[in-house]
Amino acid sequence: MATDVNISETLTTMETDEANNAQSGRAIKNIDWIPCKDFTVEIGEQQIRQYMDTWEIETPGWLYSVRFLRQTELEFKTQFQYEAKWSTPTPSAPIPRATASVYFTIEISKAKPNTLPVDVHFLVESKRSEHIPGQTRFREKWLMDVIESKALLMDTVDF
């Protein structure tokens, strides 16, 4: 999955996170990622779920599903790509109008010792910034922005 990463946007997010952490005294939550030698597609999905459970989601009702998308062999690493699809279904609207996806890539290095943890990064749908667990605080607003944008677009289209 090739992406254009906006370096200035990523740096601004990281600087803001560092400043917020210094002010609030809150650490960015992360998990202990599995060593490369023990990785499987199923464990990757479990770890993504475990990591997303550390996110500080304040609005009740958010649900997600995770699915494995593909494996890509590159010269020095193998990439495993997953999609976490988020929505806020309710009893009156069990099928949400829109969803927001977070795309995770887990990389297994072919050059580094296989006892090191996997490398993980993620992108939020329609955003260009790449995030690394433990370095960026996830913001619920990112999910809300994606869903609101889709809802606004759907309101302009006549079916």
Atom pair OG (S87) and CD1 (I147), whose distance is rounded to the nearest 0.5 Å: 6.5 Å
Test side-chain contact (heavy atoms from CB on, under 4.5 Å) applied to F104 and M52, step by step: CA-CA 11 Å; F104 285 87; M52 289 191 306; 3.8 Å; yes
Crowding at CG, D32 (>12 non-hydrogen neighbours, <6.0 Å): no
Contact summary for K29 and T54, nearest pair of heavy atoms: CD-O, 3.5 Å
Interatomic distance, Q79 atom CD to T105 atom OG1 [nearest 0.5 angstrom]: 5.5 Å
Sidechain N-carboxylate O distance under 4.0 Å for K150, E125: yes
Under-4.0 Å salt bridge between K141 and D145: yes
Closest heavy-atom pair and its distance - S109, C36: N-SG, 4.2 Å
Which atom of S126 lies closest to which atom of V146, heavy atoms considered: OG-CG2, 3.7 Å
Check against side-chain contact (heavy atoms from CB on, under 4.5 Å), L143 and T88: CA-CA 10 Å; L143 297 175; T88 53; over 6 Å; no
Enclosure of E56 CD (heavy-atom neighbours >12, cutoff 6.0 Å): yes
Separation of Y51 OH from F138 CZ (nearest 0.5 Å): 8.0 Å
Closest non-hydrogen atom pair between V66 and A84, with its separation: CG2-CB, 4.1 Å
CA sep, side-chain torsions, deciding dist, call: E73, Q71, side chain to side chain donor-acceptor pair (under 3.5 Å): CA-CA 7 Å; E73 293 292 332; Q71 175 179 337; 2.8 Å; yes
Check: I48 and I106 side chains under 4.5 Å, non-hydrogen atoms: yes
Within 6.0 angstrom of K110 NZ, more than 12 heavy atoms from elsewhere: yes
R49 side chain to G44 backbone, donor-acceptor under 3.5 Å: no
Which atom of R97 lies closest to which atom of A151, heavy atoms considered: NH2-O, 3.8 Å
F80 and F39 aromatic centres sub-6.0 Å: yes
In one Ile/Leu/Val/Met/Phe/Trp/Tyr side-chain cluster, 4.5 Å: L63, I57: no
Ring center gap for F122 and W142 short of 6.0 angstrom: no
Check: E140/T59 side-chain N/O donor and acceptor closer than 3.5 Å: yes
4.5 Å side-chain heavy-atom contact, W86 and V102: yes
Value rounded to 0.5 Å, distance of CG in L116 from CD1 in I34: 13.5 Å
Spacing of CD belonging to Q135 relative to CD belonging to E130, to within rounding of 0.5 Å: 10.0 Å
Close side-chain approach of Y82 to V120, heavy-atom, < 4.5 Å: no
Path from V41 to Y64 over hydrophobic side-chain contacts below 4.5 Å: yes
Cationic N near anionic O, under 4.0 Å, K77 to D119: no
Spatial distance of atom OG1 (T78) from atom CD (E107) [nearest 0.5 Å]: 9.5 Å
Ionic contact status for E45 with R67, cut-off 4.0 Å: no
Minimum heavy-atom distance between W62 and M144, given as atom pair plus value: CZ2-CG, 3.9 Å
Single-linkage hydrophobic cluster W33~I43, side-chain heavy atoms < 4.5 angstrom: yes
